There are 2 protein chains.
Amino acid sequence: MSCDTELSELLRSRGFRLTPQRHAIMHLLKASGKHLSPAEVYEQAHQSVPGITEATVYRTLDFLTENGVVQPVLNENRHLVYEISDHHHHHLICSTCRAQVDIDPKPLQKAIAGLESQTGFRINAGHITFFGLCPACKKEQEELQS
Amino acid sequence: MSCDTELSELLRSRGFRLTPQRHAIMHLLKASGKHLSPAEVYEQAHQSVPGITEATVYRTLDFLTENGVVQPVLNENRHLVYEISDHHHHHLICSTCRAQVDIDPKPLQKAIAGLESQTGFRINAGHITFFGLCPACKKEQEELQS
DNA sequence: TTCAGTGCAAAAGATTTGCAACCTA
DNA sequence: TAGGTTGCAAATCTTTTGCACTGAA
């Protein structure tokens, strides 16, 4: 999803409409460059489309997800957030202290490409999150157990 | 996390207590063999620990997550669910029709092992979910766009 | 005995729904 | 125009919190 025209055509080809609300939400997610909660999306969308409601935000987020424009992700607080699908990056979150670190996407891309050919799926792998233990918490845990 | 004794020792070593509630929730997640929503966990836990409350379920799920016993996952309806961490399997979910398919874990394990040595994290990769388009929905979309 | 953990109950938050009006294609 | 979308408002569902009491170690 690289530009408005592209989204517009994608939607029209499926019989959907490009409304100001949909445009605003897609645009703001792209511009923010990070994942946003529905409440954050609402807050920002409200600035360009003053009459927008939370119900519309939820419906639009569902709609954009089903059409592959955005994707749902669990954030560091285990809440559902959304981000634009072309925003390629992956990260690790520490289950204990919630620290985050970005990771090199290449090794995963390779594994994912293999899965695509095995399953026939087109995988939306713009963002993958792993949970685990960061080095500090891992060390702490090991010391406690010894 | 393979048996009660193991969990018990893990908790004790960190100054935590093994309560009937924690035991029941861990046990039921292990026995179910799949991911459960907090409401489902509550419903099931209520049978072995009649007095348990939803607040305790939420607190226990947080607690078990922080200690690596369970992990949070987004289910096919984009709701937060939990599953036991030793339950190794990965799957794909179609964003459009929500079909699910299990995938071979091996290629991912390799990529993950690489990430662990790069980052120093211990990754809890028992369950990884990708969103994407299943073959049928992919085909349908391609036909619409041509 | 101690203090981590629980139940209770209420508050706060998040998400969904029906329906009439609206506006994109 | 037609029918996909939205706003509104209420209902529903989910998650969090403070506090006193309980029970595991």
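In this text the structure is predicted, and so the values were computed from the model without any measurement. The chains referred to below are lettered A, B, ... by the order of the sequence lines, with proteins before strands, and numbering in each begins at 1. Atoms considered below: every heavy atom in the structure, side chains included; atoms not considered: hydrogens, waters and symmetry mates.
Rounded to 10 degrees, the angle separating the terminal helix axes of the helix from dT1(C)-dA25(D) to dA25(C)-dT1(D), each built from five base pairs, is 60°.
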All N/O contacts under 3.5 Å from nucleotides 11-14 of chain C to the protein, with atom names and distances to one decimal?
none

Could you list, one pair per line, each protein nitrogen or oxygen that sits under 3.5 Å from a nitrogen or oxygen of nucleotides 4-8 of chain D, together with the distance?
{"from": "dG4(D)", "atom 1": "N3", "to": "R17(A)", "atom 2": "NH1", "distance (Å)": "3.3"}
{"from": "dT5(D)", "atom 1": "OP1", "to": "R17(A)", "atom 2": "N", "distance (Å)": "2.9"}
{"from": "dT5(D)", "atom 1": "OP1", "to": "R22(A)", "atom 2": "NH1", "distance (Å)": "2.8"}
{"from": "dT5(D)", "atom 1": "O5'", "to": "R22(A)", "atom 2": "NH1", "distance (Å)": "3.3"}
{"from": "dT5(D)", "atom 1": "O5'", "to": "R22(A)", "atom 2": "NH2", "distance (Å)": "3.0"}
{"from": "dT6(D)", "atom 1": "OP1", "to": "T19(A)", "atom 2": "OG1", "distance (Å)": "3.0"}
{"from": "dT6(D)", "atom 1": "O3'", "to": "Q21(A)", "atom 2": "NE2", "distance (Å)": "2.8"}
{"from": "dG7(D)", "atom 1": "OP1", "to": "Q21(A)", "atom 2": "NE2", "distance (Å)": "3.2"}
{"from": "dG7(D)", "atom 1": "OP1", "to": "G51(A)", "atom 2": "O", "distance (Å)": "3.3"}
{"from": "dG7(D)", "atom 1": "OP1", "to": "I52(A)", "atom 2": "N", "distance (Å)": "3.4"}
{"from": "dG7(D)", "atom 1": "OP2", "to": "T53(A)", "atom 2": "N", "distance (Å)": "3.4"}
{"from": "dG7(D)", "atom 1": "OP2", "to": "T56(A)", "atom 2": "OG1", "distance (Å)": "2.4"}
{"from": "dG7(D)", "atom 1": "N7", "to": "R59(A)", "atom 2": "NH2", "distance (Å)": "2.9"}
{"from": "dG7(D)", "atom 1": "O6", "to": "R59(A)", "atom 2": "NH1", "distance (Å)": "3.4"}

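In this view, E76(B) and Q100(B) satisfy the side chain to side chain donor-acceptor pair (under 3.5 Å) rule, not counting sequence neighbours. Scanning for salt bridge (Lys or Arg N to Asp or Glu O under 4.0 Å) contacts around R17(A) gives an empty result, with sequence neighbours left out. Qualifying side chain to side chain donor-acceptor pair (under 3.5 Å) partners for E40(A), counting only residues two or more places apart in sequence or in other chains: S37(A). Taking the side chain to side chain donor-acceptor pair (under 3.5 Å) definition, one finds that T129(B) meets it with H127(B), sequence neighbours left out. Residues that satisfy the salt bridge (Lys or Arg N to Asp or Glu O under 4.0 Å) test with R59(A), not counting sequence neighbours, are absent from this structure.
Other members of the cluster containing V73(B) are V81(B), with ILVMFWY side chains joined at under 4.5 Å, either directly or via other members. Under the 4.5 angstrom side-chain criterion for Ile, Leu, Val, Met, Phe, Trp and Tyr, L133(A) has no cluster partners at all.
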Extract all donor-acceptor atom pairs below 3.5 Å that involve side chains of residues 47-55 of chain B and protein atoms in other chains or at least two apart in sequence.
{"from": "S48(B)", "atom 1": "OG", "to": "A45(B)", "atom 2": "O", "distance (Å)": "3.4"}
{"from": "T53(B)", "atom 1": "OG1", "to": "T56(B)", "atom 2": "N", "distance (Å)": "3.3"}
{"from": "T53(B)", "atom 1": "OG1", "to": "T56(B)", "atom 2": "OG1", "distance (Å)": "3.2"}

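The aromatic ring centroids of F130(B) and F121(A) lie 6.0 Å or more from each other.
Residue pairs meeting the salt bridge (Lys or Arg N to Asp or Glu O under 4.0 Å) criterion with at least one partner in residues 93-113 of chain A, sequence neighbours excluded, are R98(A)-E66(B).
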